[in-house]
Amino acid sequence: MDFFSVLTDPNSLFLRQTLLVGLFSSIAFGIIGTYVISRRISYLAGAVSHSVLGGIGGVIWLKTVFQLEWLDPLYGALLAALLSAFIIGRFGSGRKKEEIMIGATWAIGMALGIIFMDMTPGYFDITSYLFGDILLVSVRDLKLIIALDIVIILFFYRFYHIVTAVCFDEEFARLRGLKVDLFYQLLLGLTAVSVVLLIRVVGIVMVIAMLTLPAATAGLYARTLAGMMLLAVMFSAIAIVGGIILSYSANLSSGPIIIVCAGVIYFVLAAIKRDKYSL
Amino acid sequence: MSSELPIIRIKDLYFSYHDNSVLEDVNLEIDKGELASIVGPNGGGKTTLLKLILGLLKPQQGTIEVFGTTPEKARRKIGYMPQQAQLDPQFPISVLDVVLTGQIDRCGKGFTGGFPKAAGSIAQAALAEVGLGDFIQKSFSQLSGGQRQRVLIARALCSEPELLLLDEPTSNIDPRSEENLYETLARLNRKMTILLVSHDIGFVSQFVKSVICVNHQVIIHPTSQINGTIIKEIYGGDFNLIRHDHRCDHTGHSHHDPFSGNREQL
């Protein structure tokens with residue numbers, strides 16, 4: 001059966017749910033991605049995302065060895081993401097120190113994850129964590145992503161002018177008396193939570209691509225930060241829905257296909273725009 | 001000299017980045033109503049001095065008072081225009097939104113977090129002041145370097161400052177716009193004290209009241225004293241060679257001429 005007849009089939013609840021997950025995660029990808037691109041913290045987001053494996057591994061180990069059934073890998077992932085975001089934000093002031101902190105949390109987080117899994121009896125397939133599988137996303141994940149979207153939209157609506165001012169010229173915002181560091185930590189925290197929930201869609205390794213490519217594509221056209229956010233949500237949705245359709249039809253992994261879609265959209269549109277903007 | 005407290009008072013200040021001494025034994029007072037320019041070679045400490053006055057950097061020794069208090073507490077009375085190089089020229093933002101950030105500290109505390117109603121007209125007036133009244137809806141990225149510079153001055157004005165600090169306001173501007181800019185500054189000077197950084201001493205000396213030479217040490221000249229020798233001392237050769245071997249009070253000083261008999265055209 002082709003994709004669209006499956007989609008309209010009343011029995012394929014599951015595929016419709018997958019599409020909903022894709023569309024709702026686009027909101028978070030687009031808005032947080034715009035912030036990540038504007039603040040040039042994509043590598044910071046990358047480090048937060050990779051450190052999540054440490055949290056997941058730790059939880060799986062605790063759960064198996066101590067029979068803690070209530071433990072969910074999500075808790076470990078959230079803890080690891082918030083912790084690494086805090087470490088980089090707090091101790092990584094100055095370009096050189098920040099780079100060291102990013103490299104360290106990135107690699108140590110992954111290493112811890114593997115070590116914990118080695119220590120845990122039994123076999124774990126970490127592929128779905130690393131590369132994501134939107135087809136495995138549960139109803140609970142969908143609800144969490146919708147809740148995240150609501151928090152993100154409310155936050156950026158309320159603090160839009162302040163976010164704009166801080167992204168455009170942090171030093172000037174500080175001189176006007178804004179609590180720039182507090183905002184930075186808050187937004188890093190929000191970015192970390194988003195990374196954790198979005199990992200379900202495209203995986204630890206590739207979440208950084210969905211936080212940069214749609215927003216970068218939007219940046220080719222946007223004239224305001226809000227416009228960039230809206231366009232980034234749109235490009236993100238196109239890549240995800242396109243990726244799901246291709247992945248379903250060609251029977252290929254969804255995460256990588258989504259990333260390639262986002263990449264193709266960016267490079268094609270950037271090449272068309274080349275006369276005006278550099279890549 | 002007025003009996004009022006100086007707006008900026010720096011005493012016995014030393015500053016270094018790690019082990020590199022940038023400013024040594026700086027004493028400086030700027031009075032209300034001053035229009036002064038900081039000049040000096042690259043790496044001489046001009047921008048560092050501005051950042052110390054803003055409290056973005058802390059001196060290792062000495063004190064800085066601005067409006068009789070610490071730089072942090074005085075900040076909101078200061079309008080600051082940074083060097084453009086630190087900004088992303090492609091950032092998606094309108095000219096109006098850039099200028100409005102001068103009022104960002106007055107953003108509403110309510111749910112919508114918007115600017116107060118008056119902010120829009122203050123921003124518009126600030127843009128008109130720098131001759132960009134018609135550019136309000138334009139995108140910041142569409143502007144020329146010189147226009148962006150003026151937008152950043154308007155942003156500083158939008159803070160309704162009592163002291164205006166401008167870091168290299170003429171760096172992206174052609175000579176005619178530069179003259180317009182100085183006329184604008186002279187007009188603004190009736191309302192506020194202005195301190196600017198410039199490397200273009202020849203031009204700046206026609207407009208400002210005093211010139212502050214910064215080359216690790218700080219020396220003030222009334223503009224009437226600016227001549228070829230002083231310019232040469234500020235810019236020529238290695239700074240060790242030209243380091244001033246005497247101190248003077250903040251009202252100015254006279255120069256030895258170590259290069260007499262060997263004067264070159266600048």
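Throughout, protein chains are lettered first and strands after them, A, B, ... in sequence-line order, and every chain is numbered starting at 1.
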- Is A:Lys96 atom NZ crowded by more than 12 heavy atoms from other residues, nucleotides or ligands, each under 6.0 Å away? no
- Counting heavy-atom pairs under 4.5 Å with chain A, the top scorer among B:Ser94, B:Ala156, B:Gly102 is B:Gly102
- Query: Which answer fits B:Lys73, side chain, backbone, both or neither, if we ask what part of it has an atom under 4.5 Å from a heavy atom of chain A?
  - Reply: neither
- Looking only at non-hydrogen atoms, find the nearest pair between B:Pro92 and A:Met228 and report the distance. CG-SD, 3.6 Å
- Message: Below 30° counts as parallel, above 60° as perpendicular, anything between as tilted: where do the rings of A:Phe168 and B:Phe140 land?
- Response: perpendicular
- Message: Other residues, nucleotides and ligands only: do more than 12 of their heavy atoms fall within 6.0 Å of CZ on B:Arg187?
- Response: yes
- Message: Measuring from atom CG of B:Asp105 to atom CG of A:Leu175, what distance do you get when rounded to the nearest 0.5 angstrom?
- Response: 10.5 Å
- Most heavy-atom pairs under 4.5 Å with chain B, out of A:Leu178, A:Ile162, A:Asp169, A:Thr34, belong to A:Asp169
- Task: Please check if atom OH in A:Tyr160 has more than 12 non-hydrogen atoms from other residues, nucleotides or ligands closer than 6.0 Å.
- Result: yes
- Is the count of non-hydrogen atoms from other residues, nucleotides or ligands lying under 6.0 Å from B:Gln60 atom CD greater than 12? yes
- Quick one: does A:Arg176's side chain have a donor or acceptor within less than 3.5 Å of a partner on B:Arg76's backbone? yes
- Which answer fits A:Arg174, side chain, backbone, both or neither, if we ask what part of it has an atom under 4.5 Å from a heavy atom of chain B? both
- Would you mind checking which part of B:Tyr80 comes under 4.5 Å of any heavy atom in chain A, side chain (CB onward), backbone (N, CA, C, O), both or neither? both
- Check whether B:Glu72 gets within reach of chain A through its side chain, its backbone, both or neither, counting any heavy atom under 4.5 Å. neither
- Answer with side chain, backbone, both or neither: which region of B:Ile78 has an atom nearer than 4.5 Å to a non-hydrogen atom of chain A? backbone
- Under 4.5 Å between any side-chain heavy atoms of A:Glu171 and B:Leu56, yes or no? yes
- Item | Residue pair B:Ile93, A:Thr164: steps toward the side-chain contact (heavy atoms from CB on, under 4.5 Å) verdict | CA-CA 8 Å; B:Ile93 189 166; A:Thr164 305; 3.6 Å; yes
